Structures are given as C-alpha cells and as structure tokens.
Amino acid sequence: MRIVLLGAPGSGKGTQSQRLVEAHGVPQISTGDLLREAVARSADAATATPLGLRAKAAMDAGKLVDDDIVLGMIRERLAQPDAQKGFILDGFPRNLAQAAALDALLAELGRPLEAVVLFELDLGILFKRLTGRRICQDCGRVFNIYTSPPGTPPHCERCGDHPRLLQRPDDREDVIGKRLEVFEAQTKPLIEFYRKAGLLRVIDADADVETVFQRLEAALR
Ligand code: AMP
C-alpha cells in the first residue's frame with residue numbers, strides 16, 4: 001500500500017491513517033507529526049535547531065512550512081526500513097511543488113503511488129471538528145468535545161487520572177481560518193493534479209469513524 005490521504009485540516013486523515021496502520025501494517029507518515037516532534041525538540045535551548053524554530057513560526061501562524069524542510073523529512077522517513085513495505089502519507093503533499101517532488105522521489109525509488117484518497121467535508125463541519133479537538137498529551141489519542149466527548153472534566157481514561165487534555169496551538173479559532181485558507185489556495189489544486197494522473201478516489205468523510213473507514217477501504221479496493 002502506497003497512498004496519499006488528501007483533505008482539509010480536520011477532515012479525519014490522521015484518525016483514518018491510524019485505522020489503516022492497524023489493518024494493513026504499513027506506517028503512517030504525517031509531516032504534521034514529524035514537524036511537531038522537531039518543534040518539541042527545539043523547545044529546549046540545548047536541542048533547538050534552526051529548522052525547528054523556522055517550522056514553529058510557520059505552524060503557529062497556520063502557514064505551510066518551507067518545502068525544503070518538509071521534503072528533507074519525507075526523503076529521510078521514506079528511506080527507513082518500515083516504509084519499504086508501503087506508506088500512508090498524511091498531510092503531505094500540500095502543494096503542487098511538493099507533489100511534483102514526491103513523484104520524482106518515488107520514481108527514483110521505483111515505488112510509485114497507487115492511490116490518492118480525497119476526504120470531502122463541509123467547511124462548517126471542519127471548523128467545529130478543529131475547534132473541538134483535544135489531544136491526550138501522554139498517548140496522543142484524539143478526542144472531540146462535540147463528537148466524542150472525553151468526559152467531565154475532560155480526561156483520557158486510558159492514561160488514568162491526568163487532569164487535562166491539550167488543544168493544539170494551531171487549533172485556536174484565529175489560526176484555523178488561516179489553515180483552511182491555505183488548504184483552499186495551495187492544496188486544492190492537487191485534486192486536479194491527481195485526477196489527471198488517474199490516481200484520485202473521493203470519499204464522503206462526514207460520518208462516524210467506522211463508516212468513513214469502510215468507505216476508505218472500499219475506495220482502496
Ligand atoms: P497537520 O498536523 O497536518 O494539520 O499540520 C500542522 C501544520 O504543520 C500545518 O498547518 C503546517 O504549518 C505544517 N505542515 C504539515 N504538513 C506540511 C506540509 N506537507 N508542508 C508544509 N507544511 C506542513
């Protein structure tokens with residue numbers, strides 16, 4: 001399985017990637033997660049890197065991180081042993097330059113993409129999903145205060161009595177608007193790009209996790 005999940009922030013790509021990992025045993029490669037790890041390392045002055053600091057500034061503003069940073073990460077990640085059996089790209093590529101660079105890289109490796117699945121979802125629903133998203137700081141499990149309530153007070157039952165779930169800094173209302181704008185302007189052109197390449201499959205992502213997963217599996221058959 002060598003696929004790209006394409007969709008606006010909040011459309012469920014991360015959640016569905018996790019389900020695909022469990023079902024197919026191929027790794028999820030999320031550039032958002034890789035960038036957040038680099039930024040977290042940079043929070044400590046001793047391990048801070050210029051790359052982490054540059055990435056943080058773009059992410060906090062809801063903008064895209066520079067292509068050279070993201071492409072370097074992807075190149076390294078795809079070279080790791082677990083990615084040899086396949087990969088689920090989540091949040092990458094996000095613009096046409098990244099898509100072209102990915103094509104070139106995969107052609108070089110002799111492992112072209114097999115499918116690109118577009119998650120379709122109404123803008124109003126996306127907004128609610130993003131503002132409601134809360135993440136367990138220990139296990140990374142994702143909750144939503146509207147659709148999968150984490151209890152009162154909010155907590156992750158798997159990780160015991162930790163009192164608080166975190167909101168990603170870029171899930172604040174002011175940043176979400178920018179992220180959705182960036183999706184419209186820079187990422188949406190990929191739909192046509194992959195349609196022309198004959199790789200595009202489209203699913204309606206407005207349903208519960210299990211139903212969307214079934215639609216995704218059907219689209220990949
Ligand atoms: P995500 O977790 O996919 O929503 O990504 C969070 C943030 O990381 C985005 O708003 C961007 O600032 C940055 N980011 C993630 N993936 C990319 C990418 N492929 N290209 C550029 N920036 C990215």
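In listed order, ligands and their atoms are each counted from 1. Computed from a predicted structure; not experimentally measured.
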K.L.:
When Asp171 is tested against each of Arg179, Arg129, Lys128 for salt bridge (Lys or Arg N to Asp or Glu O under 4.0 Å), which residue passes?
P.N.:
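With Asp171 as partner, salt bridge (Lys or Arg N to Asp or Glu O under 4.0 Å) holds for just one option, Arg179.
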K.L.:
Only heavy atoms of Gly91, strictly under 4.0 Å: list the atoms of ligand 1 that pass.
P.N.:
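So the atoms of ligand 1 that pass are 16 (N), 17 (C), 18 (C), 19 (N).
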K.L.:
Do you know the tightest heavy-atom contact between Gly10 and Leu121?
P.N.:
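So the minimum-distance heavy-atom pair works out to O-CD2, 3.9 Å.
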K.L.:
Specify the closest pair of heavy atoms between Val26 and Met1, including all atoms of both residues, with the distance to one decimal.
P.N.:
CG2-SD, 4.0 Å
K.L.:
Below 4.0 Å, non-hydrogen atoms only: which portion of Val70 touches ligand 1? Side chain, backbone, both or neither.
P.N.:
side chain
K.L.:
Check whether NZ of the Lys or CZ of the Arg Arg134 lies under 6.0 Å from the centre of the six-membered ring of Phe143 and within 45 degrees of that ring's axis.
P.N.:
no
K.L.:
For atom 16 (N) of ligand 1, grab the closest protein heavy atom and report residue, atom and distance to one decimal in Å.
P.N.:
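For atom 16 (N) of ligand 1, the nearest protein heavy atom is Thr31 OG1, 2.8 Å.
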K.L.:
Does any N or O atom in Val65 lie less than 3.5 angstrom from one in ligand 1, N or O only?
P.N.:
yes
K.L.:
Side chain, backbone, both or neither: which part of Arg168 comes within less than 4.0 Å of ligand 1 when only heavy atoms are counted?
P.N.:
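Just the side chain.
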K.L.:
Looking at Leu35, which atoms of ligand 1 are within less than 4.0 Å of one of its heavy atoms?
P.N.:
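Close to Leu35: 8 (O), 13 (C), 14 (N), 15 (C), 23 (C).
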K.L.:
Taking Arg19 first and then Glu217, would you say they form a salt bridge - that is, a charged N and a carboxylate O separated by under 4.0 Å?
P.N.:
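Not counted as a salt bridge, because no side-chain N and carboxylate O are separated by less than 4.0 Å.
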K.L.:
Polar-atom distance check: Gln98 versus ligand 1, any N or O pair below 3.5 Å?
P.N.:
yes
K.L.:
How many angstroms lie between atom CZ of Arg172 and atom NZ of Lys178, to the nearest 0.5 angstrom?
P.N.:
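Going from the CZ atom of Arg172 to the NZ atom of Lys178 covers 15.0 Å.
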K.L.:
Whether the side chain of Thr211 engages the backbone of Ala207 through a donor-acceptor N/O pair (distance < 3.5 Å, no angle test) should be reported.
P.N.:
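Between the backbone of Ala207 and the side chain of Thr211 there is no qualifying donor-acceptor contact (under 3.5 Å).
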K.L.:
Among all protein non-hydrogen atoms, which one is nearest to atom 5 (O) of ligand 1, and what is the separation to 0.1 Å?
P.N.:
Arg94 NH2, 3.5 Å
K.L.:
Report the part of Val182 (side chain from C-beta onward, or backbone N, CA, C, O) that has a heavy atom under 4.0 Å from ligand 1; answer both or neither where that applies.
P.N.:
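Answer for Val182: neither.
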K.L.:
Counting only nitrogen or oxygen atoms and a 3.5 angstrom limit, does Phe92 reach ligand 1?
P.N.:
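No, since none of the N or O atoms of Phe92 sits under 3.5 Å from an N or O of ligand 1.
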K.L.:
So if I count the atoms of ligand 1 from 1 in the order they appear, which ones are less than 4.0 Å from some heavy atom of Lys63?
P.N.:
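The atoms of ligand 1 under 4.0 Å from a heavy atom of Lys63 are 11 (C), 12 (O).
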K.L.:
Would you mind checking which non-hydrogen protein atom is closest to atom 8 (O) of ligand 1, with the distance to 0.1 Å?
P.N.:
Met59 CE, 3.4 Å
K.L.:
I'd like to know if Lys13 contacts ligand 1, where contact means a heavy-atom distance under 4.0 Å to any ligand atom.
P.N.:
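It does not, in that no heavy atom of Lys13 comes within the 4.0 Å cut-off of ligand 1.
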K.L.:
Any idea which part of Arg179 is under 4.0 Å from ligand 1, heavy-atom wise: side chain, backbone, both or neither?
P.N.:
side chain
K.L.:
Would Arg77 and Gln80 count as having a side-chain donor-acceptor pair, cut-off 3.5 Å?
P.N.:
yes
K.L.:
Is Asp206 salt-bridged to Arg215, going by a charged N under 4.0 Å from an acidic O?
P.N.:
no
